[in-house]
Amino acid sequence: MSGSLADFGTMEWMLIAVAFVSATLSGISGAGGGTILIGAIYAAGMPPIVAVPLHASVQMVSNASRVVAYLPHVRWSAALVFGLGALPAPFVVAPLVSMVNPDYVRLLMAGFILWTLLPRASRAVTLSDRAAMGMAGVLNGGVGAVVGATGLLIGPFFLRPTWRKETTIGTLALCQSLGHAFKLTAFATIGFQVLDQAWLMAGMTVGVIAGTALGRGLHHFVQEKAFRPLFKGVLVLLAVKLLWDAGRRLLGA
């Protein structure tokens with residue numbers, strides 16, 4: 001991977017294209033794009049110590065653009081509780097990232113996601129708004145610094161019974177932005193220089209902004225009654241992908 005625009009190859013342009021597609025998906029359904037993007041970054045050969053903060057910088061912009069798109073519907077008090085839960089963990093976890101096998105974390109994430117979506121497990125996410133946001137923040141802060149993408153993991157906590165689809169998407173985006181900002185700060189404290197990938201980061205950033213705009217436009221075609229099945233469907237498909245990717249690598253090791 002090169003940090004120079006002149007040295008861009010097929011892989012760099014593919015990552016920019018994936019950034020666009022992933023942001024479009026998230027703009028429509030509210031989740032899933034970050035997992036697709038981190039998977040593509042890992043597939044490009046980047047180690048977690050580089051992949052996670054690069055992903056965080058791009059996704060922070062992607063989520064921030066989605067916050068702007070859904071700004072009137074954002075629950076700011078929910079984001080405050082989330083931020084308090086998410087803040088400490090990245091600074092503890094970031095120095096340990098190079099020693100953790102992210103595939104084991106992916107397996108745990110996939111199992112947890114699928115469990116929370118089972119009818120009998122609905123109590124796990126039918127908490128008070130404050131409890132749900134606090135728990136989502138703790139999970140985001142701890143797991144996010146290892147695997148990068150946590151939208152799948154915390155997504156079920158944002159399916160609040162009283163929230164409209166726009167509130168779910170906008171508030172989740174704001175919380176994800178906070179989580180990525182905390183991760184970037186934590187990795188900066190251990191010496192990671194995100195500007196080493198400045199041109200790639202810039203290209204992917206343009207991609208996610210354009211994808212968010214397209215996804216926001218397409219979102220109008222998704223009816224309120226269809227949103228929850230769509231959101232849950234994205235979670236299931238990507239949880240299965242996590243199981244497949246982690247299992248393939250662990251069995252092949």
Side-chain angles (χ1 to χ4, degrees), residues 15-41 52-83 86 113 129 132-133 136-137 139-141 144 148-160 163-184 201-224 226-228 230-235 237-238:
L15 285 176
I16 292 172
V18 171
F20 170 76
V21 172
S22 65
T24 301
L25 173 63
S26 290
I28 296 172
S29 66
T35 298
I36 293 173
L37 186 58
I38 192 65
I41 293 173
V52 172
L54 174 63
H55 175 268
S57 63
V58 175
Q59 285 299 104
M60 184 173 66
V61 174
S62 178
N63 282 283
S65 63
R66 202 152 57 250
V67 172
V68 173
Y70 292 90
L71 190 60
H73 308 282
V74 171
R75 294 286 180 94
W76 297 94
S77 58
L80 175 60
V81 175
F82 176 94
I113 293 159
D129 288 357
M133 293 302 102
L139 289 170
N140 176 275
T150 58
L152 295 178
L153 180 63
I154 68 174
F157 293 94
F158 287 79
L159 289 174
R160 313 309 305 155
W163 288 10
R164 293 177 55 84
K165 58 179 180 175
E166 293 85 0
T167 302
T168 294
I169 294 175
T171 306
L172 175 56
L174 176 57
C175 291
Q176 289 282 70
S177 294
L178 290 173
H180 291 309
F182 296 156
K183 277 187 288 184
L184 279 174
M201 182 177 66
M204 293 172 71
T205 297
V206 172
V208 295
I209 292 174
T212 296
L214 177 59
R216 183 65 174 106
L218 295 176
H219 176 80
H220 292 295
F221 296 99
V222 180
Q223 298 298 317
E224 186 74 36
F227 173 72
R228 286 176 182 268
L230 174 63
F231 190 92
K232 291 181 178 180
V234 170
L235 292 176
L237 287 174
L238 293 176

Side-chain heavy atoms of [X] within contact of [Y], under 4.5 Å:
X	Y	value
Leu172	Asn63	no
Ser26	Thr212	no
Val18	Met204	no
His73	Lys165	no
Thr150	Leu139	no
Trp163	Asp129	yes

Task: For Ser22, side chain to side chain contact (heavy atoms under 4.5 Å, CB included) partners two or more places apart - done: Ile36, Leu37
Task: Under the side chain to side chain donor-acceptor pair (under 3.5 Å) test, residues paired with Gln59 that sit two or more places apart - done: none
Verify, without hydrogens or angle tests, whether [X] (side chain) and [Y] (backbone) share a donor-acceptor contact under 3.5 angstrom.
X	Y	result
Arg66	Ala173	no
Ser177	Ala64	yes
Tyr70	Gly27	yes
Thr171	Arg75	yes
Thr168	Phe158	yes

Task: Approximate separation, where rounding is to 0.5 Å, of Thr205 OG1 and Ile16 CD1 - done: 9.5 Å
Task: Pairwise distance CG(Leu25) to CG(Leu214) - rounded to 0.5 angstrom - done: 11.0 Å
Shortest non-hydrogen contact from [X] to [Y]?
X	Y	value
Leu178	Gly83	CD1-CA, 4.5 Å
Ala56	Leu184	CB-CG, 4.0 Å
Arg160	Ala132	NH1-CB, 3.5 Å
Leu174	Ala79	CD2-CB, 3.4 Å
Phe157	Ala136	CB-CB, 4.1 Å

- [ ] Apply the side chain to side chain donor-acceptor pair (under 3.5 Å) test between Asn140 and each candidate in Lys183, His180, Gln176; give the one that qualifies.
- [x] Gln176
